[in-house]
Every structure is written in structure tokens, then in C-alpha cells.
Amino acid sequence: IQLPTSNSQSGATMSSDPLLSQPSSERSVESVIQHFLSNPEELIALRQRNPELAEAFMSGDTEWIRRSLFYHRQQIAEEEKERQQLQDLDPWSEEYQQRLAENIRQRNIRDNLETAIEHNPEVFLGRVHMLYISCRVNGILVKAL
């Protein structure tokens with residue numbers, strides 16, 4: 001699971017938040033923590049996209065945040081490296097076509113998961129307890145949802 005990502009020019013994925021792609025230092029970690037804690041909407045979006053990173057921010061543990069940011073930045077660097085390798089290939093080569101098909105498949109999987117989480121969150125949240133109430137309808141005792 002990643003942070004909201006987009007790059008409209010090349011179709012590649014990169015972090016949309018420049019704070020998360022900057023090199024790690026004590027000052028930048030503190031500024032990133034303050035940024036997310038002062039912007040609850042962005043923290044909610046982060047929680048939906050990358051719950052582990054959001055938990056690190058909410059804990060306030062700078063070492064955990066630093067490790068999480070380092071891991072996130074490594075993922076971004078790997079994606080960028082793969083995108084660059086893909087650009088260097090001949091578009092008509094079999095390897096290029098296979099990588100392109102795999103990227104499209106992964107994007108479709110990610111989009112389907114996001115849609116499923118948005119429209120059917122109960123599937124991902126575990127147990128959902130239904131509330132039943134006893135009531136009378138036309139003089140008949142029934143249990144209603």
C-alpha cells in the first residue's frame with residue numbers, strides 16, 4: 001500500500017507529497033511529523049493508503065518514523081529505477097511489453113482494491129455487528145435491521 005501517487009506525464013508512480021520524498025534528517029523528520037499532525041485530512045488519507053506509516057506518525061516515535069520514511073523512500077527509488085529501465089527499452093521489444101503489461105495489471109489490482117475498500121469497507125474491517133431491534137409491524141412482532 002502506498003501513499004496517493006501520480007505523475008500525469010509518464011504514468012509512473014511517485015509520492016505526491018514532497019515532504020515524504022526528501023532525504024531523511026532529524027529536521028526533516030520533525031517537519032514531516034508536524035506537517036501530518038497539523039493536517040488531519042492528509043493524515044486520514046495517509047492512513048488509508050499506508051496504515052503502517054500513519055501509525056508511525058501518530059505514535060510520535062521519531063525512530064519508527066525515520067525507518068518508515070526510509071523504507072517508503074526506498075520503494076519510491078525502486079519504482080523510479082524500474083520506470084527508467086522501462087523507458088530505456090525498445091517499446092516493441094518483448095521485455096518492454098511484458099513489463100508494461102505487468103505494470104498495467106498491478107495498477108488495475110491497486111485500483112480495484114481501492115474501489116473495494118471505498119465501497120465495501122466492511123469486508124476489510126473484520127466483523128460487522130448488525131443491530132437488530134424488536135418492533136411491531138401491523139401488530140406482528142418482528143426483528144428489524
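Residues forming a side-chain hydrogen bond (donor to acceptor under 3.5 Å, both in side chains) with Gln106 (at least two apart in sequence, or on another chain): Glu102. Looking at residues two or more places apart in sequence or on another chain, you find a side-chain contact (heavy atoms from CB on, under 4.5 Å) between Arg99 and Gln85, Leu86, Leu89, Glu95. Residues passing the side-chain contact (heavy atoms from CB on, under 4.5 Å) test with Ala144, sequence neighbours excluded: Ile133, Cys135.
A salt bridge links Glu63 with Arg66: the distance from a Lys NZ or Arg NE/NH1/NH2 to an Asp or Glu carboxylate oxygen falls below 4.0 Å.
The 12-atom threshold is not exceeded at CD of Glu94, counting heavy atoms of other residues, nucleotides or ligands nearer than 6.0 Å.
Taking 4.5 Å as the limit, every side-chain heavy atom of Tyr71 sits out of range of all side-chain heavy atoms of Arg67. Between Gln48 and Ile117 the shortest side-chain heavy-atom distance does not fall below 4.5 Å. Contact annotation: the side chain of Ile33 approaches that of Ile65 to within less than 4.5 Å [non-hydrogen atoms, C-beta and beyond].
We find the OH-CD distance between Tyr96 and Gln87 to be 8.0 Å, quoted to the nearest 0.5 Å.
The heavy-atom pair separating Pro91 from Gln97 by the smallest distance is O-NE2, 2.6 Å.
Residues Leu46 and Met58 share a hydrophobic cluster, clusters being chains of Ile/Leu/Val/Met/Phe/Trp/Tyr side chains in contact below 4.5 Å. One hydrophobic cluster holds both Leu69 and Leu37 under the rule that ILVMFWY side chains link at heavy-atom gaps under 4.5 Å.
Asn39 contributes no side-chain N or O that, together with a main-chain N or O of Glu42, makes up a donor-acceptor pair within less than 3.5 Å.
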